[in-house]
2 protein chains.
Amino acid sequence: MKLIDPALTYNSSQKILVAVDCTIFGFDSKNLKLLLFRRKVEPLKGRWSLIGAFLQNDLSIIDGAKSILFESTGLKDIYLEQLKTYGAVDRDPVERVISVGYYSLIRIDDIDILSVEDYDAKWFNIDDIPELILDHGTMVSDAIAALRIRARHEPIGFNLLPDYFTLPQLQALYESIFQSKRDSRNFRKKVLSLNMLEKTDKKDKSQSKKGAFLYKFKKNAKLVKDRRDFLFDF
Amino acid sequence: MKLIDPALTYNSSQKILVAVDCTIFGFDSKNLKLLLFRRKVEPLKGRWSLIGAFLQNDLSIIDGAKSILFESTGLKDIYLEQLKTYGAVDRDPVERVISVGYYSLIRIDDIDILSVEDYDAKWFNIDDIPELILDHGTMVSDAIAALRIRARHEPIGFNLLPDYFTLPQLQALYESIFQSKRDSRNFRKKVLSLNMLEKTDKKDKSQSKKGAFLYKFKKNAKLVKDRRDFLFDF
DNA sequence: ACAAAAGTGTTGAGTATACACCCATGA
DNA sequence: TCATGGGTGTATACTCAACACTTTTGT
């Protein structure tokens, strides 16, 4: 059967259930984490899954994603990126559903604990994710891969940190995003050379007796984006 | 209204029309081009648009995209990437339609001209795109941006070239993808250092009297992907 | 012989990496 | 005073960017 066929127009085409599923990243000063939820409906009720919902006709997809995040965490205006749309015919055992995947970065301590507990949710380390329903495991792997790529090109890491943070915290964040160690001298040199951070005169003493200076992210930092220094950048 | 609500499950949720739209890139040895089609159905019949169709219930999204490409160009097994899903409530004037965008790279000379002419299609330079229906103009800008990013990380340019090509051709391709000139000495040095190309002893004399050596892409070329040399690569 | 495109090396600057010790503080 | 994490500098290797002339050959 031909798909491109003037006869197959609006009212002769099939409609499909559309879901929006959201991978929520957080950072607890040690590890990159994922917020997972126990599924509330049959089938597979009680199993771990991403948070999601069916998209209603009067909401744009992005607004659907924002609502889901707000309803599950109590947060607004958080970092949100569309990831990919998943459309295998049999990805849902009940009926055909396509799902638009998003990922978001939140500051763990901002989160509204009560609303999270309502939803029977839990933070998991990204290297210790339980089995997830449907293709949510794939979505999570894709989200982690997308986060890594984007974190190398844009300073999105700051969306995972509190307003004031220390350089050792920032380093731990990048180490846990990329799952590999950095040299602290080189790390500090590079980060500071980007002129995105503002040093304060306050210290955070929760991690050491000496204390580490707190920094904040300069919102209007202009980023040097015109470098062409990558692998296939002929 | 709450989206996340156990009462809002499969049979109580609204279904939505889902379209798949495809941005088709080609390269004619001089310029990066886009294949656009005259819309066959009302409303906006006859206006330029991407090629697309409504997704049927028994096809995965990617298979829908492949079918559309096959029906419009006669080509199978071509490079195809999911771009983004477009979901504004009023993006289609007739009724709610969400559209999954794809982009594909084809070898212009492979294309089945007859099937293209059936569809009333035309190649446009990417710096000279006409006004497109709906949000297809946005899709095209997004596709060009995505192509540029991906072309810097993976050797996808070869999907736009014939099996045998010259280095000046390859350089022209990258120049037209990025819309900026390269130094031929630096370009050749860098390309050849990647060990992805196999030189043949044949020459292409269509562009000059001297002729340029033909190369082919090594399919099993292992790419050095472990460099960490980018802007936010802390 | 000449026009037109193909092909070729070197140098300087900037950036990444490797590496080890002193500092400040609370217990 | 000592254990713990915070903070600092230098030398080497590498990669990018800038730059101009010679070669080939058909007409």
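Here is the naming used below: chain letters follow the sequence lines, and residue numbers restart at 1 for every chain.
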Enumerate the salt bridge (charged side-chain N to carboxylate O under 4.0 Å, His left out) contacts for residues 22-39 of chain A, please, sequence neighbours excluded, ordered by first and then second residue.
A:Asp28-A:Lys33

Run A:Leu69 and A:Cys22 through side chain to side chain contact (heavy atoms under 4.5 Å, CB included) and show every step you take.
CA-CA 8 Å; A:Leu69 278 168; A:Cys22 208; 3.9 Å; yes

With sequence neighbours excluded, what pairs up with A:Phe124 under the ring pair (Phe, Tyr, Trp, His ring centres under 6.0 Å) test?
A:Trp48

In whole Å, I'd like the distance from the CD atom of A:Gln169 to the P atom of D:dG5.
15 Å

Roughly, in whole Å, what's the span from CD in B:Gln171 to C1' in C:dG7?
12 Å

Separation of atom OH in A:Tyr215 from atom P in D:dG6, rounded to whole Å:
12 Å

I'd like to check the ring pair (Phe, Tyr, Trp, His ring centres under 6.0 Å) partners of B:Phe213; sequence neighbours left out, ordered by chain and number.
none

Residue pairs fulfilling salt bridge (charged side-chain N to carboxylate O under 4.0 Å, His left out) with at least one residue in residues 163-179 of chain B, sequence neighbours excluded:
B:Arg107-B:Asp163, B:Glu175-B:Lys181

What is the distance, rounded to the nearest whole Å, between atom CG of A:Asp204 and atom C1' of D:dG7?
15 Å

Could you tell me how far apart B:Phe187 (CZ) and D:dC16 (C1') are, to the nearest whole angstrom?
15 Å

Rounded interatomic separation in angstrom, taking CD from A:Gln207 and C1' from D:dT4:
11 Å

To the nearest angstrom, the CZ-C1' distance between A:Arg182 and C:dT17 comes to 12 Å

Taking side-chain hydrogen bond (donor to acceptor under 3.5 Å, both in side chains) as the definition, give me every residue that meets it alongside B:Tyr103, ordered by chain and number, with sequence neighbours left out.
none

Nucleic acid footprint by protein, nucleotides 18-27 of chain C - heavy-atom cut-off 4.0 Å, B for base, S for sugar-phosphate alone:
BBB--BBBB-

A:Leu194 atom CG is separated from C:dT15 atom C1', nearest whole Å, by 12 Å

Check whether any side-chain N or O of B:Lys190 sits under 4.0 Å from OP1 or OP2 of D:dT15, and answer yes or no.
no

